[in-house]
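Each remark here refers to the structure printed beneath this line.
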Amino acid sequence: MLENEGVFEIQPKIPAFFKEELDEEQYESVIKSNGKSLIIAGPGSGKTRVITYKIAYLIYNDIKPENILLLTFTRAAAKQMIERVKNVTNMELNGMMAGTFHHFCNYILRVYASKIGFNNNFTILDSEDSKDLMKIARNEYCEKLGDYAKKIPKENVILKIISYSSNTLKSLRESILEISSFLIEYENDIEQIWIKYQELKKEINAMDYDDLLINTAMLLKSDKELLKYISKRYRYVLVDEFQDTNKIQLEIVEALSDYHKNLIAVGDDSQSIYSFRGARFENIKDFMDEKNVKLFKIQTNYRSTPEIVNLINDMIPTSSVKKHLNAKRKPYLKPTIIETFDDLEQSEAVIKIIDEKIEEGIEYNDIAILYRSHALSMSLQQKLDSKLIPYKLLSGKRFIETRHIKDILSFLKILYNPYDKISWIRVMKLFPGIGTKTAVRNYESIISNLSEGINILDIFDKLSNKKTKDIYELLTKIYKKRDDKPQNLINEIYENFYKEYSNLNYKNSRSRNMDIERFSEISSKYENTGKFLEDMTLSENIEVRPSDKNDKKDEITLTTVHGSKGLEWKVVIIISANPGDFPNGMAIKEKNLDEEERLFYVAITRAKDELYILKQTTGSTNPYLRNSFVFIKSENDFIKKISEDKVNKMRVGYL
DNA sequence: CATATAAAGTTTTTT
DNA sequence: ACTTTATATG
C-alpha cells in the first residue's frame with residue numbers, strides 16, 4: 001500500500017472477514033480504490049456488496065461517516081446500502097450523507113439559495129408543474145403572434161429540448177438538431193420562451209428538477225470559497241449508477257471531490273438507459289481514459305443461471321466497453337421464447353406460465369413481468385384482474401402525481417411559498433365559478449398586495465368577494481395553523497373542503513378519499529411542512545399501502561424495464577418484444593437503437609432462474625406501427641438476433 | 001366573456 | 001385512464 005499516494009499513512013486495517021465475504025475482484029476494488037477510481041460492475045456481480053464493504057472499509061480506517069458522501073440513483077438504494085453497512089460494521093453512521101443527486105442538491109440549495117437569487121423556501125416543480133409553467137411562458141410569448149403561434153412547438157416539446165440542452169451542456173441549436181431537427185426554424189422562438197420560463201421560475205420562487213442540478217453546479221463553480229468549504233468536508237465521494245449520470249452531475253461530483261480528490265464511481269455502461277434525460281454512458285468511457293484513474297472490473301455473475309448468462313453475453317450492447325460475464329451458478333433451464341398470435345393470446349400465455357410456476361411452488365413475489373412502456377401492460381392487467389392474480393405496479397403514475405393528491409399538496413405549497421403561481425391556480429380552480437382567467441387575476445392581486453408588504457391574512461380578507469369567499473375563508477383557517485404538523489393541515493383541508501369536492505366530482509371518490517387518508521398518515525411522520533414537501537417531490541416511491549400490515553403481500557411485479565433497474569426475480573417474463581413495442585417505435589425512427597439494446601440487456605439480466613420472452617405474430621400492438629416499415633426490418637427485432645442454440649422456442653395459442 | 005360540459009385524442013422511458 | 005379540444009350555457 002506504500003504506493004497509494006499517502007492516503008493512509010499507516011497500514012490499512014482490513015477485518016479478516018472481508019476476505020471471506022468478497023471474491024478476488026470485489027476484494028481488490030474495495031481495498032485498492034482510492035483517488036479517482038472506476039469500478040465497472042456487470043449485472044449480478046455484487047455491486048451493492050462492493051459499495052457496502054467500501055464504506056465499511058473507510059469506517060474501519062477511521063474515516064468519519066460525516067466525511068463520506070454516497071450518491072445513488074434512487075433514495076431506496078441509498079437506504080438499503082446504509083442498512084447493510086450498519087450490519088457489516090455494527091456501527092451507527094451518524095452524519096453520513098447518502099441519497100440521490102437531487103436530494104443532495106436540494107440540501108445544498110436550501111442553505112445557499114440567496115446566493116443565486118432564490119428564497120430558501122423555493123418550490124420544486126415536478127414535471128407536470130414544469131409543463132404548466134412552460135405553457136404560461138409559451139402563451140405569454142405567443143400572445144401577439146397570431147396564427148404563427150400555432151406552429152410553434154408545444155410546451156412539452158420545448159421542455160424536452162431545453163432539458164436536454166441543460167443536462168448535456170450543449171447549445172440550444174445543437175440540442176434541437178439532435179432531438180428534432182425539423183424544429184430548427186423555431187430556434188429563436190424556443191430561445192425566447194426559454195428565457196421567459198427562466199424569468200417565471202424566479203418570479204414564483206421555484207426550481208425544476210434540472211435547476212436543482214444546474215444551480216448547484218453553478219454555485220460550486222462560481223464561489224471558490226464555498227467550493228473549498230464543501231469539498232473539504234467530503235473525504236470520499238462515491239457515485240453509484242455512474243452510467244446514468246449526465247454532464248452536470250459529473251461536474252458536481254468532480255467539484256465535490258475537488259479538495260480530497262477521492263472520487264469512486266461505480267456503474268455499468270451496458271446498463272445506461274436514461275439518455276433521454278441527458279445521461280451519458282460515455283461518462284464511463286471518458287472517466288476510463290483519464291489519467292490516474294484506477295480501473296476495476298467485477299464481472300462474475302452470481303445472479304443468473306449459466307443458460308441465462310450465456311444469452312446475456314450474446315446480447316451485450318454493441319456500444320459497450322468490451323466485457324464477458326462468468327457464470328457461477330449451477331445449470332438449470334434455457335431461456336424460452338414464446339410466440340403468440342396477438343396480445344390477447346400473449347396474456348393467456350403469461351397466465352399459463354404463472355399458473356405453472358405457482359403449481360411448482362414458486363411465490364408470486366418471485367415473478368416479474370417487464371415491458372417497454374406502460375401501455376403494453378394494459379390488456380395483461382385486465383386478464384390478471386379477471387383471474388384474481390395479485391399483482392403490483394412498480395412504475396406508472398406515481399401516487400404523488402394523481403390529481404387528488406396534487407390538489408391537496410398545492411394547498412400546502414402556497415402556505416409555504418405564497419409566490420407559487422402554479423399551485424395557486426390549481427387550488428383556485430377547484431372552486432365553482434373560477435377558471436384559469438379568474439385564478440390568474442386573483443393570483444396577480446395577491447402578489448401585488450404581498451409586494452406592498454401587506455400581511456397575507458389581511459390580503460385574504462381584503463380580496464374576499466362572493467366568488468372567492470369560500471377559498472379565502474378556508475385558506476385563512478389553515479394559514480393560521482401553517483406551523484402545525486403537515487398532517488393537521490391535510491386533515492383540515494380534507495375535512496373542511498376536499499372530501500365534499502371529491503364526492504361531488506369523482507366517480508371513484510371512495511378510493512380517492514382513501515388515498516388522501518393514507519396520504520395524511522404518511523405525512524404524520526413529518527413535523528415540518530417544508531421538509532414534507534421536499535420529500536414528496538424528490539422521493540420516487542411512496543409506500544401507498546397501510547404500514548400496519550407488516551406481513552409482506554405475495555404478488556407479482558409488473559413494471560417497465562426502467563422501473564426494474566437494480567432489481568431481480570427468480571422468474572422474469574418480458575412481454576411484447578416486437579419491433580415497434582420493444583424496441584420502441586420512436587426509438588427506431590430516431591435511430592436510437594443503442595439505447596434499446598441496453599434496455600433489453602437490463603431486462604434479461606434481471607432473471608435469476610427462468611427467463612421468458614414473448615412476442616406476437618401480428619407484430620406491434622400499436623396499429624399505427626403494425627404495417628409500417630418498422631415491422632418488416634429484422635435488424636429491429638431482438639428475437640432475430642438471438643442465436644437458436646441459446647434458447648427454446650415455442651408457439652403457443654390457437655392456430 | 002368565462003366556465004362547464006361533452007366529445008375526441010393520446011401513450012417511451014422518470015429524478 | 002386521462003388530457004386536450006370543441007361546443008353549450010350562464
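For clarity, every value in this text was computed on a predicted model and none was experimentally measured. Per chain, numbering begins at 1; letters A, B, ... match sequence-line order.
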For the pair made of [atom1] in [X] and [atom2] in [N], what is the distance, rounded to whole Å?
X	N	atom1	atom2	result
A:Y209	B:dT15	OH	P	7 Å
A:F399	B:dT14	CZ	P	18 Å
A:D581	B:dT11	CG	C1'	12 Å
A:F73	B:dT13	CZ	P	14 Å
A:N156	C:dT3	CG	C1'	11 Å
A:Y506	C:dA1	OH	P	15 Å
A:E595	B:dT14	CD	C1'	12 Å
A:I400	B:dT14	CD1	P	16 Å

Is the centre of the A:F73 ring less than 6.0 Å from the centre of the A:Y274 ring?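 Yes, they do, as the ring centres are separated by less than 6.0 Å.
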Determine the Euclidean distance between corresponding P atoms of C:dA6 and B:dT11; express it in Å to zero decimal places.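 It works out to 15 Å between them.
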Separation of A:F519 CZ from A:H404 NE2 (nearest 0.5 Å):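 Nearest 0.5 Å value for the NE2-CZ distance: 9.5 Å.
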Closest to side chain of A:K437, choosing from B:dT13, B:dT3, B:dT15: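 For the A:K437 side chain, the nearest candidate turns out to be B:dT3.
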Counting heavy atoms from C-beta on, name the nucleotide in B:dA2, C:dC2, B:dT11 closest to the side chain of A:A375.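 Minimum distance to the A:A375 side chain belongs to B:dT11.
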Strictly below 4.0 Å: does [X] bring a side-chain N or O up to OP1 or OP2 of [N]?
X	N	answer
A:H374	B:dT14	yes
A:T537	B:dT15	no
A:H103	B:dT15	no
A:T438	B:dT3	yes

Expected output: side-chain A:T468 to main-chain A:I471 donor-acceptor under 3.5 Å: no
Option from A:T559, A:D244, A:T74 for which side chain to side chain donor-acceptor pair (under 3.5 Å) with A:K565 holds: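 Answer to the side chain to side chain donor-acceptor pair (under 3.5 Å) test with A:K565 among A:T559, A:D244, A:T74: A:D244.
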In residues 264-280 of chain A, what residues come within less than 4.0 Å of DNA chain B, judged by heavy atoms?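 Residues of residues 264-280 of chain A under 4.0 Å from DNA chain B: A:Y274, A:F276, A:R277.
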Is any side-chain heavy atom of A:M378 closer than 4.5 Å to one of A:Q381?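 A:Q381 reaches A:M378 side chain to side chain.
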Steps toward ring pair (Phe, Tyr, Trp, His ring centres under 6.0 Å) verdict (A:Y371, A:F582): CA-CA 8 Å; A:Y371 36 82; A:F582 190 9; 9.9 Å; no
Less than 6.0 angstrom from the centroid, inside 45 degrees of the normal: does A:R110 satisfy that with respect to the ring of A:F122?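 Because its charged atom sits under 6.0 Å from the ring centre and within 45° of the axis, A:R110 does stack over A:F122.
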Hey, which sits more toward the 5' end of DNA chain B by its nearest nucleotide, A:G433 or A:H562? A:G433
Map A:S373 and A:P432 onto DNA chain B by nearest heavy atom, then report which one ends up closer to the 5' terminus.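 Between the two, 5'-proximity favours A:P432.
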